[in-house]
Amino acid sequence: MAGKRTLVDGGTVVLMDAEGTILDGGAVLIQGDRIAALLEPDAHRPADAQVIDATGRLVIPGLVNTHGHAAMSLLRGLADDLPLMTWLNNYILPAEAALVAPDFVYWGTLLSSAEMLKSGTTTFADMYYFRDQVAQATIDAGIRAVSGPIVIGCPAPDFPTPKASLAAAAAFMERYQDHPTLVPSVSAHALYTTPLPAVEAAFQLAKAHDAVFQIHTLEDPSENATAREATGMGVVEALDSIGVLRPGTVLAHGIYLSDEDMERIAAGGAGIAHNPQSNMKLGIPKAAPVTAALAAGIPVGLGTDGPASNNALDMFGAMDAAARIQKFHLGDPATLPAETIFRMATMGGAQALNLHDEIGSLEPGKRADIVLLDMQRPGLTPLYSVYSHLVYAVRGSDVDTVIVNGRIVVRDRRILTVDEGAVMEHARGFGDRVREVMDGFQ
Ligand SMILES: [Zn+2]
């Protein structure tokens, strides 16, 4: 492939290939938008490549955030410390109905994209309204995004009905079919908010475009009862009945999955997005059965969930929380060791999104989505185990350089693609509007 060559040289390169290779003092050769080669420490270096000195740095695959609602960064901290359904029905849904518009979504998504890039996320799956503004913001930021049309059974800020949303959706799917960073996806909010026929119509659109399908699944214990009333089936059985559980479908949360549900999911090939920080903050008294899901062969990725329910978008925090919640819940410090957690945040997420041939590891032929971490810091010195540090010690603020699709988007902790000051100025402006609207509710 044509394109300029860049060499990330001299760091400790964590490939996340099947063998778990680590090249101490190795190099990654990038050509255009893809990884051309991994070079051993003593291998010949091409003379014509632009060099990024990675001495003292960890070089890792870009992190994959498998679930979120990026534009909700403009609602972060608006309402916290509440049960899920109170938070959703009394605060978030009314605030969204009053405020969410194309410019709100564009700037909120741009703000979150900057936050995610600066903390090492190079791909995120998004579920939100105003698909065109989400897409444009992610393209402007230079982050890879899995995003697109959404259906929900109540009037949404962008479309009054699922039917109207889907009527306009095919054009979006076609427009971005071969886009280098915007991976088109279709979402249905959840079976408790959206009738099964509308979920099926959304899924069929995703299937027709061989696209990722996203749906919230069993975040709350009431969801099975609600589904049984409406369909005579539990949530996962209902989704199975319309063919949803195939590779490329991402079930967000999956906290209340039964063994039978996991058998169905494993047989179908769908993935799970695990969001431990959001789940814990909402006081959900149960950890998603991640250890069991992995044992069943289900692809499990990590997610932050939206910035209004987490409230951070730092995948290093998600990794740390995923390890701790599972060990705590099972009373077993050996469950989900650090390497397994880091794999979930990279290849696991790529597999859940059915993008494992393109991203998730540093291997020749894959997209050049690469993150450099500055390890010359008090909290990271000395270094005995790369994976232990990655999961338990590194924070998003240790990210130094980020490359997405072969393009340097963060360098020396500065984002190069967007004017961060201008984005925050817009965010403060939206904050004033949010305050006015919420004052009017009380
Ligand atoms: Zn969510």
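In what follows, every heavy atom counts, from backbone to side chain, and hydrogens, waters and symmetry copies are set aside. For ligands, and for the atoms within them, numbers begin at 1 and follow the listed sequence.
- In terms of heavy-atom proximity, T417 sits nearest to A141 at OG1-O, 2.8 Å.
- Judged as a side chain to side chain donor-acceptor pair (under 3.5 Å), the pairs with a partner in residues 190-212 (not counting sequence neighbours) are, in order, Q177-H209, H189-T193.
- By the criterion of a separation under 2.8 Å, the protein N/O/S atoms near the Zn ion (ligand 1) amount to H67 NE2, H69 NE2, H216 NE2, D305 OD1.
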Evaluation steps, ring-ring contact (aromatic ring centres under 6.0 Å, His included), between H274 and H67 | CA-CA 8 Å; H274 176 44; H67 183 67; over 10 Å; no
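- Taking the side-chain contact (heavy atoms from CB on, under 4.5 Å) definition, one finds that P102 meets it with F130, Q133, sequence neighbours left out.
- Here the side chains of V134 and V105 are in contact, with some heavy-atom distance below 4.5 Å.
- Applying the side-chain contact (heavy atoms from CB on, under 4.5 Å) rule to A295 yields no partners; only residues at least two apart in sequence or on another chain are considered.
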